[in-house]
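Data first, discussion second: the structure below is written as structure tokens.
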Amino acid sequence: MGAIISSSCKKKIDPYADIKGNYFSINQYALDQWNTFSGEPIMILKTVRVNSGKIDSLLTNSDTLNWAPIFKAFSETDISDRKYLGQYTFTQFDDNQDGTHNFYYEANDKDLFTQKLLLTIDQLTNKVKGIYIETITKDIEGERTQKLYYAPLKTIQIQTDSRPILGDKKFTVVQYDFVG
């Protein structure tokens with residue numbers, strides 16, 4: 001008696017294979033900003049506030065500022081990899097009151113790290129006016145949310161709300177204001 005062997009080779013199909021491009025790249029934008037403004041002497045006022053307490057401030061400049069933690073915070077939010085296609089709901093709208101085009105990405109899964117990204121572009125110049133990002137991390141230690149904001153050559157703000165399962169919660173705001 002013969003046996004019939006049937007095999008099926010299912011090729012994994014990329015449902016977004018016919019889509020060109022990807023979502024906005026914060027990494028590419030940061031690199032463009034760095035290449036454009038690197039070496040220019042820009043005064044920056046850095047302020048740090050923890051739990052609504054005392055504000056520590058430091059006047060520094062773009063040449064001596066430690067950019068690594070800033071780039072790290074923003075870079076981790078990048079959603080431009082094609083693996084994120086379909087994982088965000090994308091909305092585009094104009095705000096004629098402030099003259100902007102707005103591109104809004106909201107995560108379809110509450111467990112994705114980058115939950116929201118709002119890109120605001122000037123209607124006349126097509127230059128970025130602002131980037132706002134929200135993130136969330138949940139693990140066995142607790143929950144951490146971040147709100148990041150960047151207005152080119154004006155402000156960088158990183159708010160971190162840490163809520164550990166054990167211990168005190170901590171709310172930190174680090175802000176960099178470009179002076180002059």
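- Residues T172 and K170 approach most closely at OG1-CE, 3.6 Å, considering heavy atoms.
- In this structure, W67 contributes its side chain and W34 its backbone to no donor-acceptor pair below 3.5 Å.
- By the 6.0 Å contact criterion, CG on D111 is enclosed, its count of non-hydrogen atoms from other residues, nucleotides or ligands being greater than 12.
- The aromatic rings of H101 and F103 sit tilted, their planes meeting at an angle between 30° and 60°.
- Not counting sequence neighbours, the partners of T120 by the side-chain hydrogen bond (donor to acceptor under 3.5 Å, both in side chains) test are N102.
- Every salt bridge (Lys or Arg N to Asp or Glu O under 4.0 Å) that D56 has, sequence neighbours left out, goes to K54.
- At a threshold of 4.5 Å between side-chain heavy atoms, the hydrophobic network of Ile, Leu, Val, Met, Phe, Trp and Tyr places L118 and I26 in two separate groups.
- Judged purely by atom type and a 3.5 angstrom limit, S38 has no side-chain atom pairing as donor or acceptor with the backbone of N35.
- When hydrophobic residues (I, L, V, M, F, W, Y) are linked wherever their side-chain heavy atoms come within less than 4.5 Å, the members clustered with L45 are M43, L59, V179.
- Residues satisfying the side-chain hydrogen bond (donor to acceptor under 3.5 Å, both in side chains) test with Y104, not counting sequence neighbours, are E106.
- Side chain of Q123 to backbone of T100: a donor-acceptor contact under 3.5 angstrom is found.
- For the pair T155 (side chain) and A151 (backbone), a donor-acceptor distance under 3.5 Å is absent.
- Distance check, rounded to the nearest 0.5 Å: NZ of K127 to CG of D122 gives 9.0 Å.
- Under the rule for a side chain to side chain contact (heavy atoms under 4.5 Å, CB included), the partners of D139 that lie at least two apart in sequence or sit in another chain are T137, E141.
- Across all non-hydrogen atoms, the minimal contact from Q146 to A73 is NE2-CB, 4.4 Å.
- Side-chain contact between I70 and Y176 is present, with heavy atoms from C-beta onward closer than 4.5 Å.
- One distance of note links CD1 of I79 with CD of Q115; it measures 11.0 Å at 0.5 Å rounding.
- Checked by atom type and distance alone, the side chain of N51 never pairs as donor or acceptor with a backbone atom of G53 at under 3.5 Å.
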>> Checking T114 against Y105 for the side-chain contact (heavy atoms from CB on, under 4.5 Å) test, could you report, in this order, the C-alpha distance in whole Å, the side-chain angles of both residues, the deciding distance, and whether it holds?
In response: CA-CA 9 Å; T114 301; Y105 303 82; over 6 Å; no
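- Separation of atoms OG1 (T60) and CG (L65) is listed at 5.5 Å; rounding is to 0.5 Å.
- Partners of I55 according to the side chain to side chain contact (heavy atoms under 4.5 Å, CB included) rule, which considers only residues two or more places apart in sequence or in another chain, are T47, R49.
- Under a 3.5 Å cut-off, the side chain of N96 and the backbone N or O of G99 do not form any donor-acceptor pair.
- Looking at residues two or more places apart in sequence or on another chain, you find a salt bridge (Lys or Arg N to Asp or Glu O under 4.0 Å) between E76 and K72.
- The structure places OH of Y23 at 8.0 Å from CD of Q87, a figure rounded to the nearest 0.5 Å.
- With a 4.5 Å cut-off on side-chain heavy atoms, Q28 and S80 do not count as touching.
- Remark: K138 NZ is packed, more than 12 non-hydrogen atoms of other residues, nucleotides or ligands lying under 6.0 Å away.
- Minimum interatomic distance between P164 and K169 (heavy atoms only, all atoms of both residues): CD-CA, 3.9 Å.
- Applying the side-chain hydrogen bond (donor to acceptor under 3.5 Å, both in side chains) criterion to Q157, with sequence neighbours excluded, gives Q159, Q175.
- Every residue two or more places apart in sequence or in another chain that forms a side chain to side chain contact (heavy atoms under 4.5 Å, CB included) with L153 is listed here: F37, I42, F178.
- Residues meeting the salt bridge (Lys or Arg N to Asp or Glu O under 4.0 Å) test with K147, sequence neighbours left out: none.
- Between the side chain of E143 and the backbone N or O of I165 there is no donor-acceptor pair closer than 3.5 Å.
- Listed here is the closest heavy atom pair of K129 and P152: O-CD, 3.4 Å.
- For D63, the side-chain hydrogen bond (donor to acceptor under 3.5 Å, both in side chains) criterion is met by no residue, not counting sequence neighbours.
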>> Run the side-chain contact (heavy atoms from CB on, under 4.5 Å) test on I136 and F113 for me, step by step, so that the C-alpha distance in whole Å, both residues' side-chain angles and the decisive distance to 0.1 Å come before the verdict.
In response: CA-CA 5 Å; I136 190 163; F113 178 69; over 6 Å; no
>> The test is side-chain contact (heavy atoms from CB on, under 4.5 Å); show your working for I158 and Y149 and say whether it passes.
In response: CA-CA 7 Å; I158 302 170; Y149 175 71; over 6 Å; no
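- Listed by chain and residue number, D161 satisfy the salt bridge (Lys or Arg N to Asp or Glu O under 4.0 Å) test with R163 (two or more places apart in sequence, or in another chain).
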> How far apart are the C-alpha atoms of D177 and I44, what are their side-chain angles, what is the distance that settles it, and do they pass the side-chain contact (heavy atoms from CB on, under 4.5 Å) test?
Replying inline: CA-CA 5 Å; D177 291 307; I44 298 172; over 6 Å; no
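- When all heavy atoms of T64 and N61 are compared, the closest pair comes out as N-OD1, 3.0 Å.
- Note that CG of L119 and CD of Q92 are 10.0 Å apart. Values are rounded to the nearest 0.5 Å.
- A donor-acceptor pair shorter than 3.5 Å can be found between the side chains of N108 and T89.
- Interatomic distance, CD1 of I131 versus OH of Y29, reported as 5.0 Å (0.5 Å rounding).
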